[in-house]
Number of protein chains: 2
Amino acid sequence: MSLDIPDVVIQRLPQYLRSLRAFKNKDIALVSSTNLGAESGVTPAQIRKDLSYFGKFGKQGQGYNVEALTNDLTRILGLDQSWPVILLGVGRLGKAILTYPDFTPEGFYIVSAFDSDPVIVGTKVASITIKPVEQIKTYIRDNNIKIAILAVPGDSAVNLIDEIVQAGVKGILNYAPITPKVPENVQIQNIDPVHSLQTMTFHLSEINSNPNN
Amino acid sequence: MSLDIPDVVIQRLPQYLRSLRAFKNKDIALVSSTNLGAESGVTPAQIRKDLSYFGKFGKQGQGYNVEALTNDLTRILGLDQSWPVILLGVGRLGKAILTYPDFTPEGFYIVSAFDSDPVIVGTKVASITIKPVEQIKTYIRDNNIKIAILAVPGDSAVNLIDEIVQAGVKGILNYAPITPKVPENVQIQNIDPVHSLQTMTFHLSEINSNPNN
DNA sequence: CTGTGTGAATTTTTTCACAGCT
DNA sequence: AGCTGTGAAAAAATTCACACAG
């Protein structure tokens, strides 16, 4: 059906959702694509084109109803449900993720966390008791988990990905600094601060070697 | 000079660098664009095209020398120097970033960290003594800092960005869940796990509503 | 008038395909 | 024979510009 929607478009939708919230907070009930674009850092035409992939949401001459469009985008993104998520790896980073407060209001809740270190297993972080990594596959199957957050070192990550995909995970938020290979029908999103920094320095070096800022 | 290099190309270079390291670890000295592409998840043609923006690095009939290409890409990305970076915000997340071990080997080192909370200021995390936020601008200027990592709550982030940009920062790694507006010549990279998760659920919902996987 | 929705035009990015070097 | 570097072709994404609705 709607499988021909460009991925770049989908990537922008959460942004729009966030911008709409900013308008709602300012008690603005109606926005034009120009308003929304200014807030999102996107051209008005792009907003309209993006939305047009999913239907007609605006009123000509007026714009978009903030609340209605929020609801529509929430539904389109599948955020009208709360997604159970598991965390793999409860080291420094994993602990920070477990105590991260923003997942829940945004449609996600961490239901369980796993680690391979026997010292960590059994301890409690943010009211979640850490389970041994051996139980992952069973847990995923029994609880029909679709999303996993991966916060383990790079070398363990590759094998773990195979395992959890085999068990039924369809979306992975990966913090390991690797480029995982996953089947077509599995979504993967990488969080990679070093990569991000390294793409910045290219421009910064240019600036440095160029007198006129 | 080389200002007409597409940003998508630059975004891929750190990936190539990482793949090259994988080959080096396997003691492979020579790789073809096909090899490198398989490792990076990119087509061979794209690798060759990307590299062609910067010069000729391969030998026809053979491929690329792993070590030489590593050095070239390192230099191109401006990673043949180590970049001093400051951290703004030493809460849960900031602390995790301070103790993150991967920045240093990748060309970055955190030289100082700032916070607005008087309880946190003066304490020591990972051998860095947290400074009061009021000293940021002076510090940036005095030490010619070009890169900042922003790990403060969203509402404080907007103002802070203006301040540090004014003081001379040219690259920001932003962990706040906002879409910052910065001048053209300032690089910004957002780390936004919620946004990443929200783009995944679109596909996951489709899968769910679609019987054939 | 104002601002959406959308085909058409433009620009950007990717892929193709092959000449030429080793 | 093998693989790069690169113009040309194709595909994808963005922007334009305007008919039409409120």
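In what follows, every heavy atom counts, from backbone to side chain, and hydrogens, waters and symmetry copies are set aside. Letters go in sequence order (proteins before strands), and every chain restarts at 1.
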Checking D:dA21, D:dT6, C:dG5 against the side chain of A:Lys56 (C-beta onward), the nearest is C:dG5

A:Gln11 CD to D:dT14 P, in whole Å, measures 11 Å

Taking D:dA13, C:dT14, C:dT4 as options, the one with an atom nearest any side-chain atom of B:Gln46 is C:dT14

**Prompt:** Would you call A:Arg12 and A:Asp50 a salt bridge, using N to O less than 4.0 angstrom?
**Reply:** yes

Among the nucleotides C:dT6, D:dA13, D:dC3, whichever has the atom closest to the side chain of A:Pro6 is D:dA13

- A:His203 and B:Asn185: side-chain donor and acceptor closer than 3.5 Å? no

Here the distance between atom P of C:dC18 and atom CD of B:Gln60, to the nearest Å, is 17 Å

Closest to the side chain of A:Thr43, out of D:dT4, D:dT15, C:dT15, is D:dT15

By nearest-heavy-atom nucleotide on DNA chain C, the more 5' of A:Gly61 and A:Phe57 is A:Gly61

note: A:Asp7, atom CG; C:dT14, atom C1'; distance rounded to Å ~ 16 Å

note: B:Lys59, atom NZ; D:dG5, atom C1'; distance rounded to Å ~ 15 Å

In whole angstroms, the gap separating P of D:dT4 from CG of B:Leu69 amounts to 11 Å

Separation of D:dT4 atom C1' from B:Leu36 atom CG, nearest Å, is 13 Å

Practice item. Take A:Arg18 and B:Asp192 through the salt bridge (charged side-chain N to carboxylate O under 4.0 Å, His left out) test and state the conclusion after the steps. Key: CA-CA 12 Å; A:Arg18 196 166 277 165; B:Asp192 194 335; 2.4 Å; yes

Base, sugar-phosphate alone, or nothing: which one does A:Thr34 contact when heavy atoms must sit under 4.0 Å apart? nothing

Among D:dT4, C:dG5, D:dT6, the one nearest any side-chain atom of B:Ser32 is D:dT4

Regarding B:Arg21 and B:Glu39, does a basic nitrogen lie under 4.0 Å from an acidic carboxylate oxygen? no

From NZ of B:Lys49 across to P of C:dA17 the rounded distance in Å is 14 Å

For the residue pair B:Asp72 and B:Phe54, establish whether any side-chain heavy-atom pair is separated by less than 4.5 Å. no

Query raised in the report: Closer than 4.0 Å, any side-chain N/O of B:Ser33 to the OP1 or OP2 of D:dC3?
Result: no

Of the listed C:dG5, C:dT14, D:dT14, the closest approach to the B:Arg12 side chain comes from C:dT14

Per atom distances to the B:Ala45 side chain, the nearest of D:dT15, C:dC16, D:dA13 is C:dC16

D:dG5 OP1/OP2 closer than 4.0 Å to side-chain N/O of B:Tyr64: yes

When rounded to whole Å, the CZ to C1' distance for the pair A:Arg48 and D:dT15 reads 10 Å

